[in-house]
Amino acid sequence: MDSRLYFVLGDLGSNILVGLFVGWLCSLIVATGWNMAFTMILTMIIGMVIGTVLWLPLGILFGAMEVMLPVMFSGMLSGMVVGMWATMAPLEIYQAATAGSVCGLVSIVIVWVMNNSARGINYCEGES
Amino acid sequence: MDTQTQAKWDKAAPNFDVMAGKGAEKRWRPFKEELFSQMDGKILFLALGTGLDIETFPSGKTITAIDISPRMLEVAEPRIASYPGELSARVMDVHDLEFADNSFDQIFTSCTFCSVPDPIKGLRSLRRVLKPGGQLFMFEHTGSSYYPFKPMMDLMTQLTRKIGPDMNRPTVDNVRAAGFQLREVNNLFLDVVKTIKADNPAQ
């Protein structure tokens with residue numbers, strides 16, 4: 001992860017915001033009793049698309065790939081979790097928004113962990 | 001000249017700095033400064049775009065820059081003029097470089113090969129104008145091998161290539177395929193944003 005506070009807070013805020021918004025939106029779209037597998041796929045796609053759209057303003061402030069990939073992932077995860085939950089029981093707006101925010105937070109933490117293992121020199125002269 | 005690519009980037013030029021000039025540049029600046037600090041000798045830089053990278057160039061260097069888009073270079077003019085060294089910019093297609101063989105000691109790229117339509121042909125063209133033993137330094141974003149980012153980037157590329165760059169280029173493989181000898185790959189964000197260093201092997 002980027003250690004500069006501006007980007008740490010930007011990454012956290014962007015992903016929580018996207019998760020919150022996608023969670024709220026999916027709770028409005030999905031009705032109790034919908035087919036769970038269908039809903040999961042639908043809300044994952046919706047979440048990913050919303051994440052991509054929200055990346056445009058967030059990316060101006062906080063970066064390109066470093067924002068785009070996590071917020072698409074946050075949108076996908078929030079959509080999946082909230083969408084599936086909404087098929088089982090009616091959700092209050094605050095429940096959906098909270099669940100979405102948590103998904104956003106989990107997503108950026110996963111990306112940070114993946115990034116810490118991926119970054120650094122992974123090829124030097126002499127290796128095949 | 002690839003007029004289709006030229007038209008795409010000419011269209012993007014007026015608003016390019018709004019999207020790329022703030023967060024992305026601020027995030028990437030330390031990495032670019034470190035990479036470009038290795039500039040030495042006669043240097044070719046591509047693609048200059050609106051000149052956002054110029055602030056990260058070390059001063060006092062002799063740099064020839066190219067870009068396919070004349071509109072981009074128009075936006076870059078004030079930045080080119082303020083560079084404390086010799087910096088000239090020309091409209092040129094990387095596939096058809098107008099320089100003589102073995103013209104440059106080093107070549108630098110910055111988010112370039114996500115957008116070159118035929119990247120291997122473009123890289124071979126760079127090899128031609130780079131002296132034997134010359135060095136290639138790249139700051140690039142590429143595709144990812146990680147799930148779920150790989151399918152996401154494949155999907156995004158279907159949209160982004162119409163207005164800008166591809167998101168899923170295998171640039172490290174392309175560098176090898178073009179005949180360069182890979183020296184170092186340094187991942188800066190996941191396996192997506194990276195610096196690549198390679199040499200033009202002596203014939």
Side-chain angles (χ1 to χ4, degrees), chain A residues 1-11 13-14 41 44-45 47-53 55-80 107-108 110-128, chain B residues 15-31 111 114 135 139-153 155-156 158-160 163-165 167-168 172-173 175-176 180-199 201:
Chain A
M1 63 184 271
D2 200 306
S3 59
R4 288 168 288 180
L5 188 61
Y6 174 80
F7 291 113
V8 173
L9 295 177
D11 289 349
S14 299
I41 292 166
M44 279 170 74
I45 293 168
M48 204 166 77
V49 171
I50 297 294
T52 308
V53 171
W55 163 65
L56 293 170
L58 294 169
I60 291 170
L61 295 172
F62 302 116
M65 301 297 163
E66 295 86 348
V67 180
M68 186 189 81
L69 293 174
V71 297
M72 285 173 77
F73 183 39
S74 290
M76 196 176 79
L77 189 68
S78 306
M80 184 182 80
S107 300
I108 188 61
I110 289 171
V111 172
W112 282 342
V113 170
M114 289 173 76
N115 187 39
N116 280 342
S117 77
R119 73 195 304 254
I121 294 171
N122 75 346
Y123 177 89
C124 272
E125 189 175 16
E127 294 178 14
S128 58
Chain B
N15 300 313
F16 186 80
D17 285 4
V18 175
M19 197 62 212
K22 296 184 175 75
E25 277 306 307
K26 193 174 175 182
R27 197 183 282 254
W28 289 341
R29 185 172 180 136
F31 307 115
C111 298
C114 51
Q135 299 162 313
F139 181 94
E140 298 285 341
H141 62 85
T142 68
S144 177
S145 59
Y146 291 110
Y147 185 83
F149 304 119
K150 186 180 185 313
M152 278 179 181
M153 296 177 90
L155 199 63
M156 278 292 284
Q158 303 308 314
L159 301 171
T160 58
I163 54 166
M167 298 288 179
N168 61 354
V172 174
D173 293 341
V175 169
R176 277 201 190 99
F180 282 98
Q181 192 172 350
L182 207 58
R183 186 152 42 93
E184 183 188 288
V185 179
N186 187 9
N187 289 336
L188 306 173
F189 174 69
L190 296 171
D191 57 346
V192 174
V193 181
K194 60 187 66 164
T195 57
I196 303 165
K197 297 175 186 173
D199 297 323

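Note on naming: letters A, B, ... go to the chains in the order of the sequence lines (proteins, then strands), and numbering restarts at 1 for each one.
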Checking heavy atoms, do the side chain of A/V111, its backbone, both or neither come under 4.5 Å from chain B? both
Okay, B/P30 and chain A: the region with an atom under 4.5 Å from a heavy atom over there is side chain
Residue part contacting chain A, namely of B/V18, when any heavy atom lies under 4.5 Å: both
Shortest non-hydrogen contact between B/A24 and A/A64, atoms and distance: CB-N, 3.9 Å
Taking all atoms of both residues into account, what is the closest heavy-atom pair of B/K22 and A/I60, and its distance? CB-O, 3.3 Å
Atom CE in A/M68, atom CE in B/M167: separation rounded to 0.5 Å? 4.5 Å
Counting heavy-atom pairs closer than 4.5 Å to chain B, which one of A/E66, A/M65, A/M48 comes out on top? A/E66
Flag the one option from B/L155, B/V172, B/D191, B/L188 with the top tally of heavy-atom pairs under 4.5 Å to chain A. B/L188
With rounding to the nearest 0.5 angstrom, report the CD to CD1 distance, B/E184 to A/I121. 3.5 Å
With the side chain counted from C-beta on, respond yes when A/N115 and B/Y146 share a heavy-atom pair under 4.5 Å apart, and no when they do not. no
Straight-line distance of B/Y147 OH to A/M114 CE, nearest 0.5 Å: 11.0 Å
Which value, rounded to the nearest 0.5 Å, describes the distance between B/N186 atom CG and A/R119 atom CZ? 8.0 Å
Minimum heavy-atom separation for A/G63 and B/R27, please, with both atom names. CA-NE, 4.3 Å
Note: B/M19 and A/W55 closest approach over all heavy atoms is CE-CZ2, 4.2 Å
Between A/A118 and B/N187, what is the shortest heavy-atom contact and its length? O-ND2, 3.1 Å
Under 4.5 Å from any heavy atom of chain A, what part of B/L190 do you find: side chain, backbone, both or neither? both
So does B/K26 pair up with A/D2, basic N to acidic O under 4.0 Å? no
